[in-house]
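Quick note on labels: first sequence line is chain A, next is B, and so on, each numbered from 1. It should be emphasised that the depicted structure is a prediction, and the values quoted were computed from it without experimental measurement.
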Number of protein chains: 2
Amino acid sequence: MPKTQPTIRDVAAAAGVAVSTVSKYINGTQRFSGSVEAKLKAAIDALGYRSNPLARSMITGKTRTIGLAILDIRNPHFTNIVKGANRVALQHDYTLLLVDTEESQERERPLIEALAQRVDGMIISSRMPDDAVQWLLELSKPVVLFGRSQQFPIASVGTDGHLAASMLARHLLNLGHRRIAYLGFAKSRWNDERRRGIADCLQKAGLQLDVHDAEAPSAIAGERACSAILLGSSQPDAVICYNDLIALGFMKEARELGFRLPQDLSVVGFDNVSYAEYASPALTTVDLQSEKMGELAMTKLIAALNGSHDDEYAMLEPRLVVRESTMRRPDTSQPAGVTEMTPKTAGGRRRTGGQGA
Amino acid sequence: MPKTQPTIRDVAAAAGVAVSTVSKYINGTQRFSGSVEAKLKAAIDALGYRSNPLARSMITGKTRTIGLAILDIRNPHFTNIVKGANRVALQHDYTLLLVDTEESQERERPLIEALAQRVDGMIISSRMPDDAVQWLLELSKPVVLFGRSQQFPIASVGTDGHLAASMLARHLLNLGHRRIAYLGFAKSRWNDERRRGIADCLQKAGLQLDVHDAEAPSAIAGERACSAILLGSSQPDAVICYNDLIALGFMKEARELGFRLPQDLSVVGFDNVSYAEYASPALTTVDLQSEKMGELAMTKLIAALNGSHDDEYAMLEPRLVVRESTMRRPDTSQPAGVTEMTPKTAGGRRRTGGQGA
DNA sequence: CTGAAAGCGCTAACAA
DNA sequence: TTGTTAGCGCTTTCAG
């Protein structure tokens, strides 16, 4: 059973030609006389020869493999990225070497360094601080990053987080919401951008943003953070979550706390993961085009592999997806930019002094 | 910048020893005198030497890479499998080469054949017919399959589908449901097992199963199949979906058709994907332990790589997870195994003649 | 404990 | 158009 695979040499012998001839034939590097070509073809499938990619790689220095390092394959955002990247890779005859770093800072670096050795280039999603990008460059392999680097020129892709956040905030404002909370995830590279996008918007309307932080970008973290926000003193009438997963968890817990959604509270997230649509109420969110991000990253990387220089940040456009988790404040009538005035508490603004002690 | 990586030869020169000495040092194949060891260590990190895995693989014939072929990374069931497999692989210092075959039969085989060349072993999830398993064996690489093969002795893992299905059916029966439909997915290897599990159960209660088929294992397919089932002549009071995704889509559409869940209709699925919990009503389902399946498959594969023979089918135990999408028929009172008698239609059984013409 | 030498399977000049 | 030859970077006998 463990019959050793035939080598290029066996084929050459069987066909009565030189090894280099076989090599050139396999790689289509050259044209051949009909007789030789016929003999080669015959020999090859008589022996069932398959070229050994390792040996080839060793010489060419190319593996036709792309490393993809992500934080958690279970997060649909990353799943979509993988899907998109995979599709483009397959089209170009590349294979994906996947590394799930499991949101662990320590594992990340050694894993990526090991990965670098086995691939032609890498696509990386990471929570590493911006100055750590340095050593990525030192790997001297083409790399595409998710999220812009402030200091270093490195190919990267992302979606305009400030804009996405503004869209969400403005949507809520238009619906008459005035006490808006942001349940962020500070560890993420995207968090600041999103928070600022919201805060800027609110500021123009003379409002302040109530900021909280989730301990993970997951549904369970959303559940956990819920009561402190909803039953605390700020009493938001809308909350923007760092992502859809957090939002989903938040909504579940909110319902269990007795809030009616969306009547008592509007909730939104970022990403537009597919299950947001099947939640109830279906989640209003902003589509970050995760899958396209994956495609674009892979396209950029392959271009780099083909010699094109690329230090740019490619920014995709977000799109607001309004569903059922947001609705107009029952007690307001003016569209937006109005003097805010909520009935429950006299004297507007926020910081009402809380009833929950 | 493109300074060529130092080789083992450079290290040997710098340390003033032979290449083979360096090799042995790196692989820890031997013990060394303190002086040599010190020189080696110094030379290595002076040069920043990193051993080239390709060259190593070419000799040893081992790549420390496992191929994982799945049908669709976006299906949380597979995502979980990847997660589990990845974790075990990392523990054993293996890396995952991922291939998403996108549910395509044609692509599958060439992709897997190419994959086989670059890895030490493979874990495969496929919809290929049982006789196609033959060529997998011929790849003469260790393989672990998801789902049992009837004809061939091949290592495989899965969850007891017949039992899982019975659990669901019995649960529904216990709740007083009598007109039960199965929205299956015939292309899957697991479908028959599940259908039979349900049908066997119903038969014991003197009931027949109303069988339908989804065109894909996805939420959208569940939506699409919904109206034909619910507004057709059979009028089920409970439907069992092939998986949670289909169930989620089905529930969404059912609500849009005006059905109240779970009052008018109980819905269940298979898998226990995480978002089933965040749907509303939260989905009753049966946990197939997807992540553990991934772990187990990888564990088996690594064992095989270490020389242990393994032709067995390892079966995990399913667990029923009751949530909100199932409830007792309002109009029945006896627990189970009773003479069924639904008020809407005289004369029980099913096949009531339909009012939807 | 250390070193010299022979390749792994293949590609890439260079010759013929 | 075809063949010869020299390695890619490493491991692995086999001698010292």
Side-chain angles (χ1 to χ4, degrees), chain A residues 2-44 47-65 114 116-120 140-141, chain B residues 2-44 47-65 114 116-120 140-141:
Chain A
K3 54 168 187 288
T4 175
Q5 290 264 107
T7 82
I8 199 175
R9 215 129 31 204
D10 300 323
V11 176
V17 299
V19 289
S20 59
T21 308
V22 183
S23 170
K24 286 167 199 153
Y25 174 74
I26 301 166
N27 298 310
T29 323
Q30 226 177 77
R31 293 196 62 76
F32 293 89
S33 63
S35 74
V36 174
E37 182 161 341
K39 281 194 293 183
L40 283 172
K41 193 172 300 195
I44 284 177
L47 296 177
Y49 169 77
R50 325 226 68 210
S51 127
N52 178 335
L54 251 57
R56 194 223 286 310
S57 294
M58 213 174 56
I59 299 206
T60 61
K62 268 82 189 64
T63 60
R64 297 227 68 106
T65 300
Q117 297 230 66
R118 326 181 98 269
V119 300
D120 293 347
S140 58
K141 281 265 165 88
Chain B
K3 54 168 188 289
T4 174
Q5 290 265 106
T7 83
I8 199 175
R9 215 125 35 198
D10 300 323
V11 176
V17 299
V19 290
S20 57
T21 307
V22 183
S23 170
K24 285 165 198 151
Y25 174 72
I26 301 166
N27 298 309
T29 322
Q30 224 176 79
R31 293 196 61 78
F32 292 89
S33 64
S35 74
V36 174
E37 181 162 342
K39 280 194 293 183
L40 249 18
K41 191 171 303 194
I44 284 178
L47 297 177
Y49 170 77
R50 326 226 68 207
S51 130
N52 177 334
L54 250 57
R56 196 224 285 313
S57 294
M58 210 173 55
I59 299 208
T60 61
K62 268 81 187 67
T63 61
R64 298 226 70 105
T65 300
Q117 297 231 64
R118 327 181 96 270
V119 300
D120 293 347
S140 59
K141 283 265 164 85

Run the side-chain donor-acceptor check on residues 11-24 of chain A: report pairs under 3.5 Å with partners two or more places apart or on a different chain.
none

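- In this structure, the separation between OG1 on B/T60 and CG on B/D120 is 8.0 Å, given to the nearest 0.5 Å.
- Rounded to an integer number of Å, the gap from B/Q30 CD to D/dT12 P is 12 Å.
- Between A/Q5 and B/Q117, the closest side-chain pair of non-hydrogen atoms falls below 4.5 Å.
- The shortest heavy-atom contact between B/I26 and B/S51 is CG2-CB, 4.4 Å.
- The interatomic distance linking A/L54 (CG) with D/dG9 (C1') rounds to 12 Å, in whole Å.
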*Quick one: what's the B/S/- string for nucleotides 6-14 of chain C, heavy-atom cutoff under 4.0 Å, read 5' to 3'?*
-BBBBBBB-
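- Nearest heavy atom pair, residue A/I8 against residue A/Y49, reads N-CE1, 3.5 Å.
- To the nearest angstrom, P of D/dC8 lies 11 Å from CG of B/D10.
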